[in-house]
Amino acid sequence: MTRYIQRHSLMKRVIHGIVAVSCAVLIVSGFIVFVPVLGRAAGSDVVQVLRILHRVFAVSFIVAPLVGLIFAPKGFVHIMQNLFAKWDEDDKKFMMLFPKYLFAAKTTHMPKQHAVKSGQRLADLALIAASVLIAITGIVLWAGQYVTPEVFRISLLLHDVAFVLIAIIMCAHLYLGAGIFQPYRGLHRLMFGNGRVSEAEARYHWGHWAEEELASGKNVIEE
Amino acid sequence: MAEYAILYDASKCSACKGCQVQCKQWNMMPSSLGKDDNEFTGSYQSMPDLNGDTRLLIEFREEDNARGIEWAFSRRACFHCKEPACMDVCPVGAISQLPDGTVKLDSTKCVGCKYCTAACPFEIPKYRDAFNVSNKCTLCDDRTAQGREPACVQTCPAGAMAYGPRDEMIAAGKARIDELKAEGFDKAELYGETEMGGMHSLFVAKYGYETHGLVRDPKAKDITSLMAIMKPLTGIGIAAVVGGLGVSFLTAIGYEREDMPRGDKKEGKQ
């Protein structure tokens with residue numbers, strides 16, 4: 001018999017899935033416009049289709065998290081509490097060791113972590129900030145005919161800055177979250193599977209959190 | 001092929017707006033016909049600025065000087081820069097430069113992103129809502145290809161506009177500046193000879209650039225330059241991250257958790 005902990009709810013996984021697909025389409029379609037050489041090679045008809053797709057998926061990118069916020073406000077508060085949780089010694093040590101861990105995982109021992117690893121808290125905050133920025137500036141660009149050229153120019157620049165941030169963070173997020181990084185293999189099931197994590201995995205990744213969950217037993221499943 | 005240019009002489013312009021009308025007529029651009037459709041500008045000027053259906057506008061600028069109040073008329077339309085910022089940022093290649101120097105916007109390719117307006121130091125291209133495209137003067141390239149003058153030039157009753165080889169237009173413009181200065185218009189200047197690499201729409205500014213609303217020493221918007229820098233930086237940033245993660249992946253191949261426990265196992269807690 002194996003013990004599992006339910007780490008992510010169905011709603012969280014569905015919203016994450018919608019945002020992930022939207023983000024992928026937005027990055028690809030945005031990249032074609034971002035690099036004129038690509039857009040010119042693709043031709044204006046293809047670019048026009050991509051621009052429409054960009055707007056359709058921009059809506060799902062923005063609306064999906066808002067739906068989550070409306071229907072599960074407690075979940076949103078919980079996410080925010082985790083992101084802004086005070087850093088303890090293990091958090092600081094984790095962050096200090098993480099660069100070494102990335103390149104020498106076999107010889108690096110990482111400290112226990114709470115519900116969200118300290119490094120991920122930083123990455124998530126940067127990702128959320130960049131996402132809010134890209135959403136707001138995207139709406140301004142969409143309404144471009146109603147704003148002054150100066151506002152349009154600044155929005156375009158900030159949209160590009162946010163795009164660069166998101167593209168870079170997503171590379172790391174994909175590498176770690178999809179379990180391409182060997183010590184993290186299997187983690188993709190957390191968001192793209194049933195949202196459960198085995199006791200051993202939980203202890204390995206989030207030691208403090210696993211102990212709390214196992215002690216409370218609230219989200220523990222035995223199969 | 002020789003470069004061609006329009007020479008507009010503000011000192012000869014009577015602001016009859018015939019060029020505005022002819023531009024609309026030739027290019028089939030509608031005008032607002034409803035009462036008070038256009039915002040009142042406080043002068044005889046037709047509308048405050050160019051718009052999606054208006055490629056050429058004669059501006060009325062009042063100059064209060066020693067001679068009393070005089071009008072400084074200005075022809076506001078694309079200058080057809082030799083180094084067009086709009087062309088650089090167009091994501092679909094809808095803006096191109098013809099051998100004669102004309103900067104052409106092909107509306108059949110335009111996707112209406114408005115990047116050209118954002119990049120242009122004069123904010124000349126305007127969004128044409130009804131067709132979801134940008135719009136600007138094309139120097140009537142369809143006419144000039146057949147050996148004809150641009151529509152605005154042909155219709156000007158005051159002879160304030162001429163079209164011909166650019167070097168000839170520059171020579172004519174400079175000669176006119178000398179005449180104006182001899183008449184006492186000390187601030188008279190020729191606009192477009194060197195601005196933005198050299199324009200293909202030259203302007204005899206009777207009262208000087210500022211009075212006619214011309215941007216002195218125009219440059220592509222700084223933000224546009226920043227955006228241009230960001231593209232290679234993005235490529236380098238992503239390549240660095242992907243490269244670094246690639247190295248990380250290679251070093252982690254063969255990782256077995258049981259063999260390399262975490263701190264908690266080392267402490268005997270797992």
Side-chain angles (χ1 to χ4, degrees), chain A residues 31-36 38-48 50-51 90 93 101-112 141 144-145 148-150 152-157 160-161 163-164 167-169 171-172 174-176 180-185 200-201 203-205 207 211, chain B residues 52 87-94 106 108-115 117-120 123 125-129 132 221-224 226-227 230-231 233-235 237-238 240-242 244-257 259-267 269-270:
Chain A
F31 197 70
I32 303 287
V33 177
F34 183 66
V35 183
L38 294 178
R40 289 167 194 173
S44 56
D45 288 342
V46 173
V47 172
Q48 193 64 290
L50 289 174
R51 288 184 75 233
D90 280 344
K93 193 177 170 191
Y101 182 52
L102 267 183
F103 296 103
K106 294 171 186 172
T107 57
T108 308
H109 304 287
M110 300 298 278
K112 291 180 188 175
L141 294 177
Q145 67 199 95
T148 65
E150 196 59 37
F152 189 88
R153 266 192 290 275
I154 293 168
S155 299
L156 193 54
L157 177 69
D160 285 0
V161 169
F163 169 75
V164 173
I168 289 174
I169 295 170
C171 288
L174 192 67
Y175 179 65
L176 298 172
I180 300 168
F181 182 49
Q182 290 302 289
Y184 281 37
R185 60 181 178 260
E201 287 282 334
R203 285 186 184 280
Y204 177 80
H205 289 288
E211 285 168 7
Chain B
M87 189 174 80
D88 293 341
V89 298
C90 180
V92 291
D106 185 344
T108 62
K109 289 184 181 175
C110 179
V111 293
C113 67
K114 310 173 197 77
Y115 289 7
T117 309
C120 176
E123 294 168 8
K126 299 294 180 195
Y127 182 67
R128 198 175 188 203
D129 197 15
N132 186 33
K221 298 288 182 185
D222 289 343
I223 286 178
T224 315
L226 271 175
M227 286 166 58
M230 277 183 56
K231 295 178 200 309
L233 279 181
T234 306
I238 291 175
V241 170
V242 171
L245 296 179
V247 173
S248 166
F249 177 74
L250 293 175
T251 59
I253 288 176
Y255 176 90
E256 289 300 333
R257 192 165 298 160
D259 297 335
M260 297 296 155
R262 292 274 187 127
D264 50 1
K265 190 165 183 180
K266 195 180 172 189
E267 293 160 13
K269 291 178 184 173
Q270 188 175 339

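The chains referred to below are lettered A, B, ... by the order of the sequence lines, with proteins before strands, and numbering in each begins at 1.
- With rounding to the nearest 0.5 Å, the separation of CD in Gln182(A) from CG in Leu250(B) is 10.5 Å.
- If you tally non-hydrogen atom pairs under 4.5 Å between each of Cys90(B), Gly235(B), Gly237(B) and chain A, the highest count goes to Cys90(B).
- When Asp129(B), Asn132(B), Val241(B) are compared by the number of non-hydrogen pairs under 4.5 Å with chain A, Asp129(B) comes out ahead.
- Between the CG atom in Leu176(A) and the OG atom in Ser248(B) there is a gap of 7.5 Å [rounded to 0.5 Å].
- For a residue to count as touching a neighbouring chain, one of its non-hydrogen atoms must lie under 4.5 Å from one of that chain's; by this rule Arg153(A) touches chain B with backbone and side chain alike.
- Interface remark: Val46(A) contributes no atoms to any contact with chain B (heavy atom separation under 4.5 Å).
- Although no hydrogens or angles enter the test, the distance criterion places a donor-acceptor pair under 3.5 Å between the side chain of Thr251(B) and the main chain of Phe103(A).
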Item to complete: Give the C-alpha distance, both sets of side-chain angles, the deciding distance and a yes or no for side chain to side chain contact (heavy atoms under 4.5 Å, CB included) between Met230(B) and Leu157(A).
Response: CA-CA 9 Å; Met230(B) 277 183 56; Leu157(A) 177 69; 3.9 Å; yes
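- Under the 4.5 Å side-chain criterion, counting only non-hydrogen atoms from C-beta, Gln48(A) is not in contact with Val92(B).
- Most heavy-atom pairs under 4.5 Å with chain B, from the set Val47(A), Val33(A), Leu156(A): that is Leu156(A).
- Annotation: the span from Leu102(A) atom CG to Leu245(B) atom CG amounts to 7.0 Å, rounded to 0.5 Å.
- With hydrogens and angles ignored, the 3.5 Å screen pairs a side-chain donor or acceptor of Lys106(A) with a backbone N or O of Ile253(B).
- When all heavy atoms of Ser44(A) and Val111(B) are compared, the closest pair comes out as O-CG1, 3.6 Å.
- Of the atoms belonging to Tyr175(A), it is side-chain heavy atoms, and not backbone ones, that fall under 4.5 Å from chain B.
- Under the side chain to side chain contact (heavy atoms under 4.5 Å, CB included) criterion, Asp106(B) pairs with Thr108(B), Lys109(B), sequence neighbours left out.
- Rounded to the nearest 0.5 angstrom, Leu226(B) CG and Asp160(A) CG are separated by 10.5 Å.
- Contact annotation: the side chain of Pro36(A) never approaches that of Tyr115(B) to less than 4.5 Å [non-hydrogen atoms, C-beta and beyond].
- Residue Phe152(A) touches chain B through its side chain alone, counting heavy-atom pairs closer than 4.5 Å.
- Atom-to-atom distance recorded for Leu141(A):CG and Lys114(B):NZ is 8.5 Å, nearest 0.5 angstrom.
- Shown here for Phe181(A) and Ala252(B), the closest heavy-atom pair between the two residues is CE1-CB, 4.0 Å.
- The side chain to side chain donor-acceptor pair (under 3.5 Å) search around Arg40(A) returns none, not counting sequence neighbours.
- A 4.5 Å side-chain heavy-atom check between Leu233(B) and Val164(A) finds every atom pair outside the cut-off.
- The nearest pair of heavy atoms linking Phe34(A) to Lys231(B) is O-NZ, 2.6 Å.
- If you measure heavy-atom distances from Phe249(B) to chain A, the contacts under 4.5 Å come from both the backbone and the side chain.
- The parts of Ile154(A) that come within reach of chain B are both its backbone and its side chain, each placing non-hydrogen atoms under 4.5 angstrom from that chain.
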